[in-house]
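This report concerns only the one structure given below.
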Amino acid sequence: MAATKLLLIDGNSVTFRAFFALYSQLDRFTNGAGLHTNAIYGFNNMLDVLLKNEQPDAVLVAFDAGSKTFRTKEYADYKDGRAKTPSELLEQIPYIKQLLEARGIKHYELPDYEADDIIGTTAARADAAGWTTTIVTGDRDLTQLTTDSTTVQVTVKGVNELEAYTPAHVKEKLGITPDQIVDLKGLMGDTSDNYPGVTKIGEKTALKLLQQFGTIDNLYANLDDLKASKMKENLINDKANALMSRELARILRDAPVTVQLDELDYMGDQIDALRALYTELEMRSFLAKLGGSSAADKPQTPVEYTVVDDQSIADVVKLTGPVTFELEMLGDNYHTSEAFGFFIGNANVTYVSTDVSLLTLPAVKDWLEAQALCVFDSKRNYVAATHLGLTLTNIDFDVLLASYLLNPDDNSNDLGKIASEHDYFDLPMDEDVYGKGAKRSVPEDDVLFSHFARKSAAMLALQPHLLEDLKSQDQADLFTNMEMPLARVLAKMEIAGITLDQPTLKKMGGEFEQTMKVLEEKIFAEAGVKFNLNSPKQLGEILFEKLNLPVIKKTKTGYSTSVDVLEQLKSASPIIQDILDYRTISKIQSTYVTGLLKAVLPDGKIHTRYLQTLTQTGRLSSVDPNMQNIPARDEGKQVRYAFVPSHPDWQIFSSDYSQIELRVLAHISGDPNMQEAFREDRDIHANTAMNIFNLDSPDQVTPDMRRQAKATNFGIVYGISDYGLSQNIGITRAQAKAFIDGYFAQYPLVKTYMDNMVKQARENGYVETLFHRRRYLPQIHSRNFNLRQFAERTAMNTPIQGSAADIIKVAMIRMDKALADAGLQAKMLLQVHDELIFEAPTSELETLSSLVPKIMDSAVDLAIPLKVESHFGPTWFDAK
DNA sequence: CTGCTCACG
DNA sequence: ACGTACGTGAGCAGA
């Protein structure tokens, strides 16, 4: 008989993980009684996956019995100073235990001992009985329990991505055996469990010592072998700490655990109890799974629809109440993909057809253009409708935009997926209906129309909930008066497109080809061998193995050959400059010459798509092609000569906000010193230079000081670290730290702002922009230093970058209206984060020169003025 | 399909 | 001691 398989779960640790993994969904996971359910949900999800993958014969979930344990008796500060568990999590723990019972799984806790000790003891007993064991936890310390028959699975991300530790994997990752983990912890201590270890010894040093000496005991027995050093002194002074910390880290394998192996049989789901619990918790997807059918995976609710023809289509005008609408297409790119069908529906009926031309019949067109419509992705529908000759003017609810504002993480472009995230499960994903890749196609009518009807029903069901959620998050205004109208403005810009002067670009391409050929030959001659210059792998081998240049930086797959590395190698070999030159031109050629030429549509224009629901900050992004990263400096800038107006005697006109992010920072931080600099329209970088270098007059600011001050200003906006700044401007970390300290001394409220944002993120779980755009930062609670620091920087940066994005969005909406009101022919074509680009008849340039800056700088009323600069010329190159 | 590199704000 | 700037998209190589 095969060995018994035992699954041991660290209940506290996994509950914690599940709670924070779904932290941003806290509001959504609440039942009618006001109980939060996100951790229960996440825990149950993880159970499903584990039970399926591990197929265990026996399962035990261990919990801590309380915060007082034998360890706190030994060392009063153990686990002291931890943030207390949020009440939203605490209230879920009894339910998780109830859930386990209903799923036929034993759970256990033991006064005075931690869950770890229960697991360690039970695993030891299982080893002795010849069982194989899998332990699941979020705590790496448990890897000390790995043996040949016990594997420890540690959560990496959320609760369902696990890293399996076997003795071999521990050896590979740390270079030590599982037994040595306690010695490691003894030396390095543990900040989250709050025990000290040896001063100044961290993981790296501790591992080195253990690889040399094996154990703490042996290390102290042979201390004489270490040469005199600060570290040796610390080891001697902190010996007691090291020994104590080792014992605190040691998980018991002989705790007085009363539950025996033969009581751990996995009994399987207790259907009635489970159904009652799911019902109480309002977990519809799990309830559906219980049904025994595949109901959860494939919605089976029968749906009705009415196929219309050129006569019956006239009935749509009689629809009352909220009306849904959708033009469906297979491709992502709605500029090139054609609509193959549509639906129009309300609560009672869904009209469907695969003949989109029906919509242009006089009986429908006027009605549809004026009707208030609920859609999914309004911009796509605006563009698709335009292709049919329809001008929709009254889309008033977009499920996609609403869902994005509620949480920008929900950036799926699939209605089915978004619906299920909002607890509506009766809609499959498009991919399941249309297929993907080469197999993507329009299914037979009944399948298609049923899908349409389900979509319409989903949209009607979601709309009121989303609207209510938006209101409760104070985002109704952001939704109704910013994102909804912006979608239409963006649609107009995308449809307008920008004309590409193809002959000019092709000519430039030819010249680049020549130059590249010359450089290529030269590089091959210098290297003494031909190779693929575009392959970082091959280039690395040539530079660092054949030519033996010093290795500056490595990537996880090999040598780094990025610009900053090559710059440092310039003096070592003449080949480097040629490679740099080749790289520059090759980039321009592939991405901006051939790349852009490929993107031109038959009208000779480039029609980018702005993604309105992607970025985590509220910025737009641009794809197919990206029009927000066209070269603006050095040689690459030439590409801008190829962007021209669509009519003769027109020009390109461009206006950009000057220092918008720093101005936003000056406003929201309320810092008087920074505000004064902007009120007096001083050179902000020179001003900062005076502050951090302690100068008395602007005349003393050298160009290099200004450059460094500029980098510091950027760093501040990004949520500064001394290391990052030092890397960026090539100074020491100490110098960078001095800059930052000087900065905060001069702009004290900026420092306060930074601290407040981090605090806000910790307390609320999210930060907000000026216009209440929200970003959740669950990782602000992470035990992982890197993830936590990243969340903290993001907390500082997002309100700044996001508010700037809000401001230009307001300006764009007002600009669109102003152009129409003034009866101008000028068209807004592009947005590049802080810049708007237009084409206009030469006769309108004067008007634009005053109108555009006026609209842009009055988009919001800040404590300091916004500044806008404008340029124009015959090409985009000249409008700068 | 991922990683590297590099273009923009 | 840790290992780091914020937000994006595209082309190419190499699995």
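Here is how names work: the chains are called A, B, and so on, in the same order as the sequence lines, proteins then strands, and each is numbered from 1. All heavy atoms count here, side chains included; hydrogens, waters and symmetry mates do not.
- Between the P atom of C:dA1 and the CG atom of A:Leu184 lies a distance of 15 Å, rounded to the nearest Å.
- The aromatic rings of A:Trp876 and A:Phe643 stand perpendicular to each other, their planes meeting at an angle above 60°, with 30° marking the opposite boundary.
- Counted by atom type alone, A:Gln831 and A:Gln628 present one or more donor-acceptor pairs between their side chains at under 3.5 Å.
- When the side-chain nitrogen and oxygen atoms of A:Ser535 are compared with OP1 and OP2 of C:dC12, none of them lie within a distance under 4.0 Å.
- The cationic group of A:Arg774 lies under 6.0 Å from the six-membered ring centre of A:Tyr766 and within 45° of the ring axis, placing it in a cation-pi geometry.
- Where DNA chain B meets chain A (any atom under 4.0 Å from a heavy atom), the bounding nucleotides read 5' to 3' are B:dG3 to B:dG9.
- Taking atom P on both B:dG3 and C:dT4, the two are 15 Å apart, rounded to the nearest angstrom.
- Contacts of A:Gln727 with the nucleic acid, taken as non-hydrogen atoms under 4.0 Å apart, are absent.
- Distance, A:Asp190 CG to C:dA1 P: 16 Å, rounded to whole Å.
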Produce a footprint string for nucleotides 2-8 of chain C: one letter per nucleotide, 5' end first; B if the base is under 4.0 Å from any protein heavy atom, S if only the sugar-phosphate is, - if neither.
-> BBBBBBS
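- Applying the side chain to side chain donor-acceptor pair (under 3.5 Å) definition to pairs two or more places apart or across chains, those involving residues 196-211 of chain A are A:Thr199-A:Asp238.
- Helical stems involving DNA chain C, defined as 3 or more consecutive Watson-Crick or G-U pairs under 3.5 Å, span B:1-9 with C:6-14.
- A cation-pi arrangement is found for A:Arg609 relative to A:Tyr334, the charged atom lying closer than 6.0 Å to the ring centre and inside a 45° cone about the ring normal.
- Across C:dA5 and B:dT5, the matching P atoms stand 14 Å from one another, rounded to whole Å.
- Atom CD of A:Gln612 is separated from atom P of C:dG9 by 14 Å (rounded to the nearest Å).
- A:Lys637 forms a cation-pi arrangement with A:Phe877, by the criterion of a distance under 6.0 Å to the ring centre and an angle within 45° of the ring axis.
- Between A:Lys200 and C:dA1 there is a side-chain N or O to OP1 or OP2 distance below 4.0 Å.
- Residue A:Lys185 contributes atom NZ, which lies 16 Å from atom P of C:dA1 at whole-angstrom precision.
- Contacts classified as salt bridge (Lys or Arg N to Asp or Glu O under 4.0 Å) and involving residues 185-198 of chain A (residues at least two apart or in different chains) are given here: A:Arg82-A:Asp193, A:Asp141-A:Lys185, A:Lys185-A:Asp190.
- A:Asn713 and A:Tyr743 share a side-chain donor-acceptor pair at under 3.5 Å.
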Side-chain donor-acceptor pairs of residues 727-740 of chain A under 3.5 Å, sequence neighbours excluded:
unit_1   : atom_1 : unit_2   : atom_2 : d
A:Thr732 : OG1    : A:Gln735 : N      : 3.1
A:Thr732 : OG1    : A:Gln735 : OE1    : 3.3
A:Gln735 : OE1    : A:Thr732 : N      : 2.9
A:Lys737 : NZ     : A:Asp741 : OD2    : 3.2

